[in-house]
Amino acid sequence: MTALNLTRKLIQSHLTSGEMVVGQEIGLAIDQTLAHDATGQMAMLQFEALGFPKVATKRSVFYVDHNILQIGFENADDHAYLASAAKKLGAYFSKAGNGICHQVNLESFSRPGDSLLGADSHTTTAGAVGELAIGAGGLDVAVAMGGQPFYLPMPEVYGIRLVGSLAPMVRAKDLALEVLRILGVAGGRDKILEFFGPALENLSVTERATIANMSIETGAITAVFPADGKTREFLAERGRAIDFTPLAADPEATYDKLISIDLATLTPLAAGPHSPGNVKPVSDIAGLPVDQVAIGSCTNSSLADLLTVAAILKGHKIPPNVSLVIAPGSREVYLALAKAGALADFIDAGARIMEVACGFCNGVGQAPKTNGVSLRTSNRNFPGRSGTPSGQLYLVSPETAAYSALKGHLADPRDLRHINVPEPQITPVDLSLVVPPAPANEALDLVIERGPNIAPLPRFTPLPETLTAKVTLTLGDNVTTDDILPAGAHILALRANIPAISKYIFHNIDPTFPERQLKGPGIVVAGVNYGQGSSREHAALAPRYLGLAAVLAVSFARIHKANLINFGILPLELVNPEERALFTPGQTITVDLTKIAAGAILTVQIPALNKDILAKLAVSERAAATLKAGGLLAQLAAKA
Ligand code: MIC
Ligand code: SF4
């Protein structure tokens with residue numbers, strides 16, 4: 001028998017169709033799903049539209065964590081819709097205050113050997129316990145909730161062998177940033193990163209979670225860690241020993257590429273403005289004055305992280321020019337911090353304690369001042385994500401963040417010789433803020449609450465035989481889904497209302513785009529890695545609502561490409577990338593769509609230049625059929 005790496009074992013045990021041949025489409029059975037109050041409304045509306053009577057997974061959970069600022073009725077309406085629909089249709093509902101989906105999932109529901117499909121790109125976090133945890137658009141999650149497989153091309157598996165141990169004050173975040181330094185924001189595209197090697201003995205599950213969390217920033221599908229003694233300990237401490245299964249690669253297993261990292265060589269790192277891939281040693285940029293330090297997010301808000309922060313702050317005061325905010329990742333973490341006295345250390349140092357939620361991480365509060373320098377322990381520093389377009393965001397470890405907050409400038413935490421961090425006191429999982437689904441006999445009589453913020457889903461028609469469209473925007477490389485549809489409290493409140501949210505498409509790049517795009521079919525032209533970052537399907541659904549018919553790019557990020565297909569927008573890849581320069585806004589193009597098929601080479605004509613440009617439709621047969629039908633909802637409705 002061939003030796004298998006752990007990723008292949010996990011895929012094999014969930015395979016519903018296809019073969020494990022790199023590039024071939026495979027179907028995966030999904031055990032668990034997650035979604036939240038930014039993606040979940042759409043996932044739930046689509047689940048209803050698909051006509052599934054009940055959730056068919058082992059467990060599907062909806063979290064309230066992103067959209068917690070209730071400055072109008074909108075968010076509260078969304079929460080009421082999610083709570084009532086979850087209860088009736090068979091899902092769990094994690095209330096506001098319980099924590100960020102990935103932190104709560106890790107603590108309460110993650111299981112070695114299970115598959116998890118989450119309507120959030122950082123679903124990868126659960127790879128820390130040996131779960132096959134993948135982020136996707138809400139429609140794919142809705143389909144999985146109905147018990148149907150999730151499709152993706154069989155990935156290459158990169159093995160990342162870790163040896164040595166981290167020096168004091170160098171942490172998992174620095175390792176996550178080192179992986180980004182090696183691979184960049186597209187080097188892991190469509191791969192799974194599997195971590196192994198002797199150094200794992202010294203990496204706790206929460207440290208692994210930080211690394212798995214940021215794997216998506218390389219473009220990877222997910223990260224996978226073995227389930228070992230550390231995993232057993234993590235689950236047992238929470239009264240979940242029963243969920244443990246040991247998992248590891250076969251001893252002779254091979255990888256499509258091998259990367260070795262000696263942890264002893266790492267130093268504190270920071271990703272500077274405006275990309276997680278812009279990684280530099282902290283020592284090179286130390287001394288930079290900071291205005292704000294924000295500690296939290298699903299990357300670094302564990303109890304161990306925040307106890308370390310408390311130990312650094314204890315007995316000191318932050319200088320007057322620094323604003324320090326701390327957001328614990330879950331109620332478990334918050335309560336334990338309170339019991340350990342760490343909250344008192346935060347308050348005494350001058351920190352502001354934020355709600356247990358995503359908060360500052362996606363622009364819901366704490367926007368820095370104009371040109372303000374903000375050190376953050378989160379995972380993304382895309383332009384404008386903080387709410388301040390000129391904000392200078394640096395992604396760092398909790399140690400670097402806390403020490404810099406005290407110094408008033410970016411500082412290397414290795415200068416701190418010794419800190420006394422107490423052992424985290426973990427208690428068994430408390431699910432009192434998680435509302436279970438109603439029993440079948442009660443569910444029948446329950447009514448789903450639909451306030452005015454819950455708008456009906458738009459419907460789309462099949463593709464025409466010939467596409468005649470205008471170039472509505474030309475863009476560069478690495479366009480993020482935050483560029484396509486910004487985050488932030490104001491826009492997030494419209495996630496259940498496509499007509500309303502569509503007015504913000506490309507808002508920070510060209511606010512006139514929606515108006516122009518509404519005038520008729522459009523095509524956007526871009527460079528490499530189009531659609532990196534967040535899983536928000538609104539970045540495909542809302543442009544389609546405005547009339548966007550195709551995106552012509554050099555290459556696409558995986559989740560966004562799948563979302564484009566789901567909503568019937570053609571993802572076309574330039575055969576000759578340099579021809580991108582021929583496209584200018586306002587040009588008319590035509591494409592013969594009668595030849596749509598897996599891997600088809602289509603001709604994009606620019607009549608004004610008398611030029612024919614070749615573009616590849618690098619999709620499976622199944623996806624080609626979805627595109628022809630005008631998207632997945634239209635396709636499934638036609639089949640029913
Ligand atoms: C993010 O970190 O960008 C988000 C906000 O969590 C998104 C989800 C969304 O925008 O709906 C993600 O990572 O998928
Ligand atoms: Fe929330 Fe930020 Fe994590 Fe996204 S990256 S799930 S916004 S904490």
Side-chain angles (χ1 to χ4, degrees), residues 34-43 62-69 78 94 96 99-106 117-126 133-141 173 176 209-210 212-217 219 222 276 294-302 305 325 327-330 333 354-366 376-387 393 395 480-489 491-496 501 504 531-542 557-560 562-563:
L34 71 76
H36 48 63
D37 54 345
T39 57
Q41 301 85 310
M42 212 30 77
F62 285 78
Y63 294 85
V64 174
D65 55 358
H66 281 63
N67 221 352
I68 37 72
L69 200 64
D78 286 5
S94 172
I100 305 174
C101 54
H102 308 303
Q103 182 66 26
V104 176
N105 175 63
L106 192 71
L117 194 71
D120 189 281
S121 60
H122 293 104
T123 301
T124 56
T125 313
I134 302 178
L139 180 51
D140 283 331
V141 171
K173 179 61 161 283
T210 297
N213 176 278
M214 283 197 80
S215 65
I216 182 75
E217 263 48 81
T222 190
I295 299 176
S297 90
C298 59
T299 318
N300 281 121
S301 58
S302 67
D305 283 338
V325 297
S330 69
V333 171
M354 300 287 124
E355 189 164 1
V356 176
C358 303
F360 67 84
C361 177
N362 65 335
V364 180
Q366 312 317 314
R376 298 182 163 211
T377 63
S378 45
N379 45 40
R380 287 182 178 150
N381 55 351
F382 299 145
R385 183 168 163 104
S386 64
L393 270 56
L395 307 176
T480 72
T481 43
D482 278 76
D483 292 326
I484 305 171
L485 178 68
I491 304 178
L492 267 172
L494 306 173
R495 287 287 182 100
I501 210 167
Y504 294 93
Q532 71 158 321
S534 147
S535 68
R536 61 193 72 149
E537 64 188 342
H538 304 72
L541 173 50
R558 176 190 61 89
I559 304 179
H560 188 60
N563 288 337

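Order of listing sets the numbers, starting from 1, for every ligand and every atom in it.
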Practice item. Could you check atom 10 (O) of ligand 1 against the protein and tell me its nearest heavy-atom contact, residue, atom and distance included? Key: R536 NE, 2.7 Å
Review point. With a 4.5 Å heavy-atom cut-off, do D305 and K173 have their side chains touching?
Key: no
Review point. Which residue and non-hydrogen atom of the protein lie closest to atom 8 (C) of ligand 1, and at what distance in Å?
Key: D120 OD2, 3.4 Å
Review point. Are side-chain N/O atoms of R385 and S534 paired as donor and acceptor at under 3.5 Å?
Key: no
Review point. Considering only heavy atoms of H66, which atoms of ligand 1 have at least one such atom less than 4.0 Å away?
Key: 4 (C), 5 (C), 6 (O)
Exercise for review: Starting at NE2 of H560, measure out to OG of S121 and round the result to the nearest 0.5 Å.
Suggested key: 13.0 Å
Study note, to complete from the structure: Quick note on ligand 1: atoms under 4.0 Å from a heavy atom of H122 include exactly 2 (O), 13 (O)
Exercise for review: Compute the shortest N/O to N/O distance between S534 and ligand 1 and return yes if it is under 3.5 Å, no if not.
Suggested key: yes
Point to revise | Min N/O separation H36 to ligand 1 under 3.5 Å | key: no
Review point. Are side-chain N/O atoms of R376 and S378 paired as donor and acceptor at under 3.5 Å?
Key: no
Practice item. Locate the shortest heavy-atom distance separating S215 from T124; write the atom from each residue and the value. Key: OG-CB, 3.8 Å
Practice item. If you have a sec, work out which protein heavy atom is nearest atom 4 (Fe) of ligand 2 and how many Å separate them, to one decimal? Key: H66 NE2, 3.7 Å
Exercise for review: Nearest 0.5 Å please: distance from the OG atom of S94 over to the NE2 atom of H36.
Suggested key: 12.0 Å
Point to revise | For ligand 1, the portion of H538 having any non-hydrogen atom under 4.0 Å away | key: neither
Practice item. Measure from the side-chain N and O atoms of T210 to the backbone N and O of T299, and report whether any donor-acceptor pair falls under 3.5 Å. Key: yes
Check your understanding: Taking the inter-plane angle between the rings of H102 and H122 on a 0 to 90° scale, is it parallel (under 30°), tilted (30 to 60°) or perpendicular (over 60°)?
Key -> perpendicular
Review point. Okay, side chain of T222, backbone of A133: is any donor-acceptor separation there less than 3.5 Å?
Key: yes
Check your understanding: Going by chain and residue number, what protein N/O/S atoms come nearer than 2.8 Å to atom 3 (Fe) of ligand 2?
Key -> C298 SG
Check your understanding: Got an N/O contact under 3.5 Å between R495 and ligand 1?
Key -> yes
Exercise for review: Mark up the atoms of ligand 1 that fall under 4.0 Å of a heavy atom belonging to N362, in ascending order.
Suggested key: 5 (C)
Review point. Taking all non-hydrogen atoms of both residues, which atom of D65 and which atom of I68 are closest, and how far apart?
Key: O-CG1, 3.9 Å
Review point. For atom 13 (O) of ligand 1, which of S121, S297, A38 has the closest heavy atom?
Key: S121
Point to revise | R495/D37 under salt bridge (charged side-chain N to carboxylate O under 4.0 Å, His left out): CA gap, chis, key distance, verdict | key: CA-CA 8 Å; R495 287 287 182 100; D37 54 345; over 6 Å; no
Review point. Which atoms of ligand 1 sit under 4.0 Å from any heavy atom of R385?
Key: 1 (C), 2 (O), 3 (O)
Review point. What are the two closest non-hydrogen atoms of L117 and T123, and how far apart are they?
Key: C-CG2, 4.4 Å
